[in-house]
A.B. asks: 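Below you'll find the structure I mean.
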Amino acid sequence: TNIMVGFPQETIEDIKESIEYAKTIRANQTSFWVVAPWPGTEIYSQALDHNQLSEEIDLNNLGYRGSLHFVNVEFDYNEVKELIYDAIYH
């Protein structure tokens, strides 16, 4: 099961609920992915319209290990990473 979290409209409570839900479905394997705003996508355009992107976009930093995230959102990315780590390893 792949679970995407970190959409700009989410709160930390929404993200916690997604993680808890993933635990209840008892999938053979679960992966969590933090959404990245790829240029050319609808979510990228929406983030631009709502001032939720940093100024510089480096395509080399996008992806599951990239550091580009939304700004001006209601959660902290470090907290999201900790929640994901705890869900996978505890």
Side-chain angles (χ1 to χ4, degrees):
T1 303
N2 291 301
I3 307 289
M4 295 180 71
V5 297
F7 289 90
Q9 70 275 14
E10 283 186 302
T11 65
I12 197 67
E13 290 305 316
D14 294 328
I15 294 167
K16 287 178 181 178
E17 286 178 20
S18 294
I19 291 170
E20 288 305 311
Y21 174 75
K23 291 178 184 178
T24 67
I25 61 175
R26 298 177 165 241
N28 208 19
Q29 179 179 347
T30 301
S31 297
F32 295 94
W33 303 93
V34 179
V35 175
W38 285 89
T41 63
E42 184 176 338
I43 199 162
Y44 177 84
S45 298
Q46 290 173 351
L48 276 178
D49 291 345
H50 293 94
N51 195 31
Q52 293 176 314
L53 291 178
S54 59
E55 290 182 26
E56 292 186 33
I57 304 295
D58 181 354
L59 292 177
N60 293 319
N61 286 335
L62 290 174
Y64 78 101
R65 295 195 188 274
S67 60
L68 177 67
H69 300 292
F70 300 101
V71 296
N72 301 321
V73 292
E74 295 187 30
F75 57 86
D76 177 87
Y77 278 96
N78 289 327
E79 185 176 0
V80 172
K81 288 178 185 179
E82 288 176 21
L83 289 170
I84 290 171
Y85 180 87
D86 287 345
I88 293 170
Y89 297 108
H90 292 113

A.B. asks: Could you pull out all residues at least two apart from D86 that satisfy side-chain hydrogen bond (donor to acceptor under 3.5 Å, both in side chains)?
C.D. replies: H90
A.B. asks: Any side-chain heavy-atom pair from L48 and P37 closer than 4.5 angstrom?
C.D. replies: no
A.B. asks: Using 0.5 Å steps for rounding, measure from the CG atom of L83 to the NZ atom of K16.
C.D. replies: 6.0 Å
A.B. asks: Sequence neighbours excluded, which residues qualify as ring pair (Phe, Tyr, Trp, His ring centres under 6.0 Å) partners of F7?
C.D. replies: none
A.B. asks: State, to 0.1 Å, how close A47 and L53 come at their nearest heavy-atom pair, and which atoms those are.
C.D. replies: CB-CG, 3.7 Å
A.B. asks: For residues 19-27, tabulate all N or O donor-acceptor pairs below 3.5 Å that involve a side-chain atom, not counting sequence neighbours.
C.D. replies:
| unit_1 | atom_1 | unit_2 | atom_2 | d |
| --- | --- | --- | --- | --- |
| E20 | OE2 | K23 | NZ | 3.1 |
| T24 | OG1 | Y21 | O | 2.7 |

A.B. asks: State, to 0.1 Å, how close V5 and S18 come at their nearest heavy-atom pair, and which atoms those are.
C.D. replies: CG1-CB, 4.1 Å
A.B. asks: Who passes salt bridge (charged side-chain N to carboxylate O under 4.0 Å, His left out) against E42, sequence neighbours left out?
C.D. replies: none
A.B. asks: Once side chain to side chain contact (heavy atoms under 4.5 Å, CB included) is applied, do any residues pair with N2, and if so which ones, sequence neighbours excluded?
C.D. replies: S31, W33
A.B. asks: Using the ring pair (Phe, Tyr, Trp, His ring centres under 6.0 Å) criterion, which residues pair with Y85? Sequence neighbours excluded.
C.D. replies: Y89
A.B. asks: When Ile, Leu, Val, Met, Phe, Trp and Tyr are grouped by side-chain heavy atoms lying under 4.5 Å apart, directly or through other members, which residues fall in the same group as V71?
C.D. replies: none
A.B. asks: May I have all residue pairs that pass side-chain hydrogen bond (donor to acceptor under 3.5 Å, both in side chains) and include part of residues 3-14, sequence neighbours excluded?
C.D. replies: T11-D14
A.B. asks: Considering all heavy atoms of both residues, which atom of W38 and which atom of Y44 are nearest to each other, and what is their separation?
C.D. replies: O-CB, 3.1 Å
A.B. asks: Please enumerate all residues that pass side chain to side chain contact (heavy atoms under 4.5 Å, CB included) together with D76, with sequence neighbours excluded.
C.D. replies: N78, E79
A.B. asks: What is the distance from atom OG1 of T1 to atom CZ of F32, rounded to the nearest 0.5 Å?
C.D. replies: 9.0 Å
A.B. asks: Could you pull out the closest heavy-atom pair between I43 and P8, with the gap in Å?
C.D. replies: CD1-CD, 3.9 Å
